[in-house]
Amino acid sequence: MENNNNHYNPQLIEKKWQLSWATGNLYQSLETKDQKKFYVLDMFPYISGSGLHVGHPKGYIATDIVARQKMLQGFSVLHPMGWDAFGLPAENYAIKNKINPNIFVSEHIKRYKKQLEMFGFTYDWSKEINTIDPEYYRWTQWIFLKMFEKGLAYESEEPVNWCPSCKTVLANEDLEGGKCERCGSEVIQRKLRQWVLRMTDYADRLLYDLDTENLDWEDFIKEQQRNWIGRSEGVEFKLALEDSDEEIRVYTTRLDTAFGVTYIVIAPEHQLIEKLKEKISNYSEVLEYVNQAQNKTELERTDLQKDKKGIELENIKAINPFTGEKIPVFVADYVLGFYGTGAVIAVPAHDERDYLFAKKYNLPIKQVIRDLEEVHSIQESAFTEDGILINSEDYNGLHSSLAREKMAEWLAKKDLGQKKVNYKMRNWVFSRQRYWGEPIPIIHCPSCGAVGVPESELPLKLPPVENYEPSGTGESPLANISEWVNTKCPKCGQEAKRETNTMPQWAGSSWYYLRYIDPKNQEKLIDPNLEKHWMPVDLYVGGAEHATRHLLYARFWHKFLLDIGVVSTKEPFKRLVHVGLILAEDGRKMSKRWSNVINPDDIIQEFGVDALRVYEMFMGPFSQSITWNNNGVVGTKRFLDKVWKLQFKVSKEGGENKKISYLLNKTIKKVSDDIDNFKFNTAISALMILVNELEKEDKIILADYKKLLLIFSPFAPHLCEELWSLFGHHDSIFLQSWPEYNEALSSDFDQEMSIVVQINGKIRDNFVLSASASQEEIEGVALKREKISNLIGDQKIKKIIYVPKKIINIVI
RNA sequence: GCCGCGGUGGCGGAAUUGGUAGACGCGCUGGACUUAAAAUCCAGUUGUGGCGACACAGUGCGGGUUCGAUUCCCGCCCGCGGCACCA
């Protein structure tokens, strides 16, 4: 099909311009001093088994529009792309299809890249990175070594989440409702030696910088991170045990309720059970309960619906330091071993769980806080809010918040306890018992312990292996390659063994945005001058599912890199926008499983990539999930054809068309603002309105048409570049300047105004008159209108409200 | 259960320092062009009543504030996302 007066043929122009842009190095980012920089970043794709569907490029289209607009506005733009390719999903796919993961990943990268190139994106491919490239992951390993040096990476034997199907441990962040996020299997707790990153050391900074660094992030993502970090301020203190040297340490945020403590509850994992085994008179019963609890899966144990069960440690009594009362000690699995001290004071009157537990086991419920209005009845339910203290001796009458302070002071003075901050967030379990990941650069020496691989030996390459299958023993398949495992200790030269665990999927993506800036640097992770030039990332676009994983990990690593002087900003991503999903026409997620996937190649074949780009941006608000509709692409192709057809109305002669220049000017502002605010749908709508008006004209002035092409070009780059060249230009449209909005012009045109007349707020009439008319004149005209005077009749006018240039409301 | 977001025509959606609800697009109806179809163009399209001018109703439900509420307040219902015994 040829181009004709009604339609253009995308096949004839799109490939041509993509080639021209690439050979002209149009998108190479340069560190020029005289231009302002703009670093716009996409979350790079993870290489999995399935290819791209129409949902994947949505975010990339948006960043491409922003990148092109910024270029036109005179910024030097960095817009890179790369590949995230280590990790479980890629490895599982490779195993399932019996391919070498290396080969599978490399082939898929080629395919992804080809698909991305069809979209005509502005990527600077000279900056391409790939997380499985040894020249890339040597720096991932380098960061790990630095963390090891600083004591932030350590070995641990704590119980960890183990996925029996993936045969590896998982971080807390990798769980979804107690199940493996990848395969859905139930995760069990297993004691295994692991590498762990001390992320909780950064908890406060991760929390406070969300607010103090003026991050332009959507609130719900910040909120998710805050909840995930889960900071709480409380007090840790000890209770003595009767007839014993042991003591119980507890953590509470409600010290004000301390006089209401009627028993203590400890977690089944608590070491005190073992220590007191001689003293506990029902020890065998207790042990049975403990074993039962530990055999439960995480899911069963955290099921809120289940009964609050527990068992008393008979013959054990703790002493409440505030009252001197002797209180029983229970073990119950609703207390978590890993949080706080693994032991809590139970205040049934003021905590719902304790209330249920106390009712079940007939334990006393002692009220020590009353509500201000004195309407709450402890007989009916626990009162969990702050209030006024009662039954609390010296503290009676104080408000909860003040009581907490005073009581904490008292504990500190008696040397029984002090204020303490706790986090829900746990340290990052960083090793995986799998093949497809960055080797952890550590050597285990019988004399020196864990020793870092010398920097000069990086990258420590992942060796080829015959069998990728995970063993399930807690060792990775690397353990079977003796020539790789056996080595010498870099410190003492003795025979030693390499660490065989690998890094998790999220390692490479935790710092990739830095490497784009200086991808080929052999000496350093990044050149400090380049880092200062480009960082922080000005705009980061990707899926919201990364709120508590990638985005938290990357912030953590970034802060560490700040501490060791590699980067200069506190936060990596200044502005973050999340992309809404594109759902299939049946309303479900697009997936091979449902065979409802729309392939972009087919749409591009039929309508061209510009029509697809414009449609995806026009569908609805960018961050909202929206269902795909093939007819929508028909509509945007129709719109592109309208723009194409307008060229035949362009005339080089003739004077200014006031009406059009006014509307054009308004559209320039609307489109500029809307791109800034990610309101692409209304930007396109404004362009449609302009085009509809231009269609009605017999003649279009060339200068106006060029402006239309310029403001439309970020959305439909191929079509606009083609039309630009058809008017005799030899240089790219993207080397021009974004049209300026002329503020004076906007008021110039408003010589008339349309006034709506309301009676008691109901619209009854409207008329047009000169924009210079005063309120009195307008009132006069309105009251003389036949319709209005008939409606008013002889009723009395109470008052008249005038909204300048819009509405006059007569109240009768 | 807690936190966050949302509910507007046949459909996707637009409009919020309170000021003409339904922009723009899809679909549908009628018309022009054509031997015919496609494409394109023109007109219409929230509902009810009316030939019509127009009237009444209308932004999840029930109240309230206001000259005026999709927008603000109170009480509910429904959907989506996140967290989930964190003491």
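Convention: sequence-line order gives letters A, B, ...; per-chain numbering from 1.
Residue A:Lys762 has a polar side-chain atom (N or O) positioned under 4.0 Å from OP1 or OP2 of B:A57. Note on A:Lys424: every side-chain N or O is 4.0 Å or more away from OP1 and OP2 of B:G82. Under 4.0 angstrom from either OP1 or OP2 of B:U20 there lies no side-chain N or O belonging to A:Arg764. Between A:Lys799 and the phosphate of B:C67, there is a side-chain N or O to OP1/OP2 separation shorter than 4.0 Å. In terms of phosphate contacts, A:Tyr334 brings no side-chain nitrogen or oxygen within less than 4.0 Å of OP1 or OP2 of B:A87.
One atom, CD1 of A:Ile788, and another, P of B:C54, lie 12 Å apart when rounded to the nearest Å. Rounding to whole angstrom units, OH of residue A:Tyr8 and C1' of B:U40 are separated by 17 Å. Distance, A:Asn227 CG to B:C83 P: 10 Å, rounded to whole Å. Note: CZ (A:Phe648) to C1' (B:C41) measures 16 Å, nearest angstrom. Per the geometry, CD belonging to A:Glu173 stands 15 Å off C1' belonging to B:A84, to the nearest Å. Distance A:Lys179 NZ to B:G82 P: 15 Å, rounded to the nearest Å.
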Point to revise | Summary of protein contacts for nucleotides 21-38 of chain B, nucleotide by nucleotide, where a base hit scores B, a sugar-phosphate-only hit scores S (4.0 Å, heavy atoms) | key: S-BBSSS-----------

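Ring-centre distance between A:Phe715 and A:Phe618: not below the 6.0 Å cut-off. A ring-centre distance under 6.0 Å is found for A:Phe678 and A:Phe680. For A:Tyr361 and A:Tyr263, the ring centers sit 6.0 Å or farther from each other. In this structure, A:His578 has its ring center under 6.0 Å from that of A:Phe220.
Once rounded to the nearest 0.5 Å, the distance linking NE2 of A:His546 with CG of A:Leu576 reads 11.5 Å. Residue A:Tyr615 holds its OH atom at 15.5 Å from CZ of A:Phe639, rounded to the nearest 0.5 Å. How far CD1 of A:Ile582 is from CD of A:Gln624: 12.0 Å, rounded to the nearest 0.5 Å.
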Practice item. For the pair A:Arg588 and A:Leu583, evaluate side-chain contact (heavy atoms from CB on, under 4.5 Å) and give the outcome as yes or no after the intermediate values. Key: CA-CA 6 Å; A:Arg588 294 188 286 198; A:Leu583 302 171; over 6 Å; no

Practice item. Output, in order, the C-alpha distance, side-chain angles, deciding distance and verdict of side-chain contact (heavy atoms from CB on, under 4.5 Å) for A:Gln225 and A:Trp217. Key: CA-CA 11 Å; A:Gln225 290 211 349; A:Trp217 290 24; 3.9 Å; yes

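Annotation: proximity of residues 346-356 of chain A to RNA chain B (heavy atom, distance under 4.0 Å) is found for A:Arg353, numbered in ascending order.
Searching all strands for a Watson-Crick or G-U wobble partner of B:C41 with both distances below 3.5 Å returns B:G31. Across all strands shown, the partner of B:G6 is B:C78, judged by Watson-Crick or G-U wobble contacts whose two distances both fall under 3.5 Å. Summarising the base pairing, B:C83 is matched to B:G1 through a Watson-Crick or G-U wobble pair whose two defining distances lie under 3.5 Å.
In this structure, A:Ser754 and A:Ser232 both approach RNA chain B, and ranking their closest nucleotides by distance from the 5' end singles out A:Ser754. Each of A:Val803 and A:Asp219 was matched to the nucleotide of RNA chain B holding its nearest heavy atom; the match closer to the 5' end belongs to A:Asp219.
In this structure, B:G49 shows a glycosidic angle more than 90 degrees from zero, which is the anti conformation.
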